[in-house]
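Working notes for the structure below.
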Amino acid sequence: MVATPLVLSQVSVWHDDATILADVSWTVAQGQRWVVLGPNGSGKTTLLRIASLYLHPSSGTVAVDGEVLGRTDVRRLRTRIGLASPAFGDLLRPQLTAREVVMTARHAALEPWWHTYEDIDRTAAADLLDRFGVGHLADRAVGTLSSGERQRVLLARAFSGDPAIVLLDEPTAGLDLGGREDLVGRLEALGAEPDRPPTVLVTHHVEEIPATTTHVLLLREGRVLGQGPVEEVLTEEALSALFGLPLELARRRGRWSAAARGVS
């Protein structure tokens with residue numbers, strides 16, 4: 001029996017008198033491609049930190065690949081999670097090569113000398129870098145890369161190894177229009193491959209939602225406003241409530257766009 005990649009049950013997070021997340025229950029199943037959508041400050045990054053096991057909830061339970069946080073070795077369980085986030089990128093030693101950054105994901109490690117790697121690992125890392133358009137940078141130190149190049153390396157790392165789930169925190173942040181569209185296209189191509197793990201992409205722009213997305217979770221002020229199949233949940237009414245103003249929502253060739261109602 002295949003374990004469910006991610007299950008959150010009545011998860012809440014509070015700090016002092018502030019509630020960051022309130023009673024979130026959410027399941028990511030095999031084959032699904034999720035987007036977590038919400039305005040700035042809605043709790044999206046906190047939700048992803050919990051899902052990636054870098055933050056314990058104040059209440060509720062979290063299970064990844066069938067194992068419950070707090071009842072298992074979290075260091076081992078993190079090897080089952082592919083993660084790309086700006087916060088994680090800040091932990092990397094600038095002298096590491098792009099290939100090493102991707103390769104070490106197999107053990108959820110930050111340094112290559114902590115484990116033994118073989119040629120097959122190096123080749124697999126180079127192939128993933130190619131998939132994200134930075135294969136020619138495999139032997140470059142990440143500290144010498146542009147922000148866009150570095151972001152692509154982190155995305156390649158997220159898909160490295162054999163993750164049960166892949167979590168992407170605003171992967172197109174800082175990219176220009178061309179870079180964003182190229183990256184969304186690459187994510188769509190990966191999402192169309194049936195053997196890829198389920199993914200969760202966090203964003204606050206509907207334009208960044210890949211056409212292969214199957215499900216959406218709407219988050220505002222730490223509370224879930226809606227979740228389920230993207231065609232059912234992502235409506236003009238729901239999007240307007242999410243961002244607090246009247247919005248028009250359009251879809252063309254599988255991609256979404258939004259604008260304030262009445263603006264041509």
Side-chain angles (χ1 to χ4, degrees), residues 4-29 32-64 69 81-88 158 165-173 180 184 187 191 198-210 212-249 251 255-260:
T4 304
L6 177 66
V7 179
L8 271 62
S9 299
Q10 297 180 306
V11 164
S12 295
V13 176
W14 57 80
H15 180 69
D16 295 331
D17 294 329
T19 299
I20 313 301
L21 290 176
D23 199 27
V24 175
S25 293
W26 176 38
T27 298
V28 177
Q32 294 180 343
R33 310 282 184 252
W34 280 82
V35 161
V36 176
L37 184 66
N40 289 332
S42 60
K44 301 187 302 297
T45 295
T46 298
L47 183 65
L48 211 66
R49 288 186 65 200
I50 288 174
S52 60
L53 310 181
Y54 282 93
L55 177 66
H56 284 250
S58 304
S59 65
T61 60
V62 182
V64 171
L69 177 63
I81 302 169
L83 173 64
S85 73
F88 183 83
I165 188 169
V166 173
L167 309 174
L168 310 174
D169 188 6
E170 299 189 16
T172 63
R180 183 194 77 182
V184 170
L187 290 173
T199 56
V200 175
L201 184 152
V202 169
T203 184
H204 47 260
H205 298 297
V206 297
E207 291 79 7
E208 297 177 356
I209 298 177
T212 46
T213 298
T214 63
H215 291 71
V216 63
L217 183 148
L218 307 179
L219 195 65
R220 178 179 174 87
E221 296 180 348
R223 299 181 182 275
V224 176
L225 295 191
Q227 62 174 300
V230 64
E231 292 84 0
E232 300 174 11
V233 175
L234 191 56
T235 64
E236 285 190 349
E237 293 75 16
L239 195 67
S240 298
L242 185 66
F243 287 96
L245 76 162
L247 293 170
E248 294 180 345
L249 182 66
R251 195 177 192 187
R255 294 287 301 280
W256 303 87
S257 62

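Both backbone and side-chain heavy atoms feed into the values below; hydrogens, waters and symmetry mates do not.
Residues Y54 and L48 have side chains not in contact (no heavy-atom distance under 4.5 Å, counting atoms from C-beta outward). For the pair H205/R180, no side-chain contact is recorded, criterion being any heavy-atom separation below 4.5 Å from C-beta on. Side-chain atoms of L242 and L247, non-hydrogen and from C-beta on, never get closer than 4.5 Å to each other. Between L69 and T61 there is no side-chain heavy-atom pair separated by less than 4.5 Å. With a 4.5 Å cut-off on side-chain heavy atoms, L219 and W26 do not count as touching. For the pair L21 and I50, the minimum side-chain heavy-atom distance is below 4.5 Å. Looking at heavy atoms from C-beta onward, R255 lies in side-chain contact with V184 at the 4.5 angstrom threshold. For the pair L234/I209, a side-chain contact is recorded, criterion being any heavy-atom separation below 4.5 Å from C-beta on.
Among residues two or more places apart in sequence or in another chain, the side-chain hydrogen bond (donor to acceptor under 3.5 Å, both in side chains) test is passed with N40 by H204. For T172, the side-chain hydrogen bond (donor to acceptor under 3.5 Å, both in side chains) partners at least two apart in sequence or on another chain are E208.
The CG atom of L218 sits 8.5 Å away from atom CZ of F243, with the distance rounded to the nearest 0.5 Å. Taking OG from S52 and CG from L83, the interatomic distance works out to 5.0 Å, rounded to the nearest 0.5 Å. One finds the CG atom of L47 at 10.0 Å from the CG atom of L55 (value rounded to the nearest 0.5 Å). The structure places CG of L217 at 9.5 Å from CG of L37, a figure rounded to the nearest 0.5 Å. To the nearest 0.5 angstrom, E237 atom CD is 9.5 Å from L249 atom CG. Remark: E231 CD to T213 OG1 distance equals 9.5 Å, nearest 0.5 Å.
At least one donor-acceptor pair closer than 3.5 Å links the side chain of K44 to the backbone N or O of G38. Formation of a donor-acceptor pair under 3.5 Å by the T214 side chain with backbone atoms of R33 is found in this model. A distance-only check finds no donor-acceptor pair linking the side chain of T19 to the backbone of W14 [under 3.5 Å]. Counting only distance, with no hydrogens or angles, the side chain of R223 and the backbone of A22 share no donor-acceptor pair below 3.5 Å. In terms of modelled atom types and a separation under 3.5 Å, the side chain of E170 and the main chain of S85 share no donor-acceptor contact. Distance alone, capped at 3.5 Å, is enough to place a donor-acceptor pair between the S25 side chain and the Q10 backbone.
Among all heavy-atom pairs drawn from L187 and T212, the shortest one is O-OG1, 4.2 Å. Closest non-hydrogen pair, I165 versus P5, comes out as CB-CB, 4.2 Å. The two atoms that bring L245 and A260 nearest to each other are CD1-CB, 4.4 Å, heavy atoms only. Shown here for P198 and A29, the closest heavy-atom pair between the two residues is CB-O, 3.6 Å. Taking all atoms of both residues into account, the shortest heavy-atom contact from P229 to H215 is N-CD2, 3.6 Å. Residues L6 and A51 share a closest heavy-atom pair of CD2-CB, 3.9 Å.
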